[in-house]
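Heavy atoms only: backbone and side chains are in, while hydrogens, waters and symmetry mates are out.
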Amino acid sequence: ENGTESDMLFRSLEKAMLADGYDITERLSRTDKTANACLEDDILHGYIYVLRSSSISQWNQENLYKIGHTTSTVLQRIKNAKSQSTYLFGDVTVVKTYRCLNISSNHVEKILHDFFAAARLDIELTDPKGESYYPREWFVVELELLDEAISLLLENRLGDFFYDARSKQIVAI
């Protein structure tokens, strides 16, 4: 209007797009300016989510998180959590959500599960029908380390590291 240019609206849009978490994308050859931007031809393949059990005291684990994936919305996926063994038969809280653009959310989930295998919760549950269940998607790991692992994955360097359960750190190989 007055002849000056401003990118305030663009910054507001960018902030709103990232409000629900980070984007996980397949590495594409992009300039530094567009490396983290969502492009028009990007395809959403689902979400990686991190949940905390509302009954955390029952499991006596402070840093207990579920790493999962969905191709629908996270809220849709967890709406019946209390009745499902995968959610430890309890309510859950969404801690983090990551959009998977141009890469399968199932594939990303598998990579993260393999990476944090040493931190996997080792318990046996019995469902209401009396059947045993061994949850495989719950990990005792600090939230900051999940963020670090995702950053390394985005940089295509996660294979150069491993999770050391003794020191509870991500360590270079």
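If you chain together hydrophobic residues whose side chains sit under 4.5 Å apart, Leu145 and Phe162 never meet in one group. Residues Ile173 and Phe161 do not share a hydrophobic cluster, defined by chaining ILVMFWY side chains whose heavy atoms lie under 4.5 Å apart.
From Leu143, atom CG reaches atom CD of Glu148 across 12.0 Å, with rounding to the nearest 0.5 Å. Taken to the nearest 0.5 Å, the CG atom of Asn102 stands 6.0 Å off from the NE2 atom of His45. Rounding to the nearest 0.5 Å gives a distance of 6.0 Å between CG of Leu153 and CD1 of Ile103. Atom SG in Cys100 sits 10.0 Å away from atom NE2 in His107 (nearest 0.5 Å).
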Item checked: Residues Ser105, Thr70; criterion side chain to side chain contact (heavy atoms under 4.5 Å, CB included); working and verdict -> CA-CA 7 Å; Ser105 58; Thr70 184; over 6 Å; no

Next item on the list: With side chain to side chain contact (heavy atoms under 4.5 Å, CB included) as the test, would you mind laying out the steps for Tyr163 and Gln169 before giving the verdict?
Entry: CA-CA 6 Å; Tyr163 176 73; Gln169 293 182 352; over 6 Å; no

Next item on the list: Check the pair Lys96, Asp147 against side chain to side chain contact (heavy atoms under 4.5 Å, CB included), reporting the backbone distance first and the verdict last.
Entry: CA-CA 9 Å; Lys96 294 224 178 213; Asp147 284 337; 3.0 Å; yes

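With a 4.5 Å cut-off on side-chain heavy atoms, Ile43 and Leu101 do not count as touching. When side chains are defined from C-beta on, Leu112 counts as touching Ile150, because their heavy atoms get closer than 4.5 Å.
The side-chain contact (heavy atoms from CB on, under 4.5 Å) test applied to His113 returns Ile67, Glu109, Arg120, Glu137, Phe139, not counting sequence neighbours. Not counting sequence neighbours, the partners of Gln84 by the side-chain contact (heavy atoms from CB on, under 4.5 Å) test are Arg77, Asn80, Thr86, Tyr87.
Residues Phe115 and Leu158 approach most closely at CE1-CD1, 3.5 Å, considering heavy atoms. Here the closest heavy-atom approach between residue Tyr65 and residue Arg52 is recorded as OH-NH2, 2.7 Å. Contact between Ser85 and Leu125 at its shortest, heavy atoms only, is O-CD1, 4.2 Å.
Heavy atoms of other residues, nucleotides or ligands lying less than 6.0 angstrom from CG of Asp160 number more than 12.
Side chains of Arg99 and Tyr47: a donor-acceptor N/O pair is absent below 3.5 angstrom, by distance only.
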Anything under 3.5 Å between a donor and an acceptor, one on a side chain of residues 127-135, the other on a protein residue two or more places apart or in another chain? List them.
{"residue": "Asp127", "atom": "OD1", "partner": "Lys129", "partner atom": "N", "Å": "3.0"}
{"residue": "Asp127", "atom": "OD1", "partner": "Gly130", "partner atom": "N", "Å": "3.1"}
{"residue": "Asp127", "atom": "OD1", "partner": "Glu131", "partner atom": "N", "Å": "2.8"}
{"residue": "Ser132", "atom": "OG", "partner": "Glu124", "partner atom": "OE2", "Å": "2.7"}

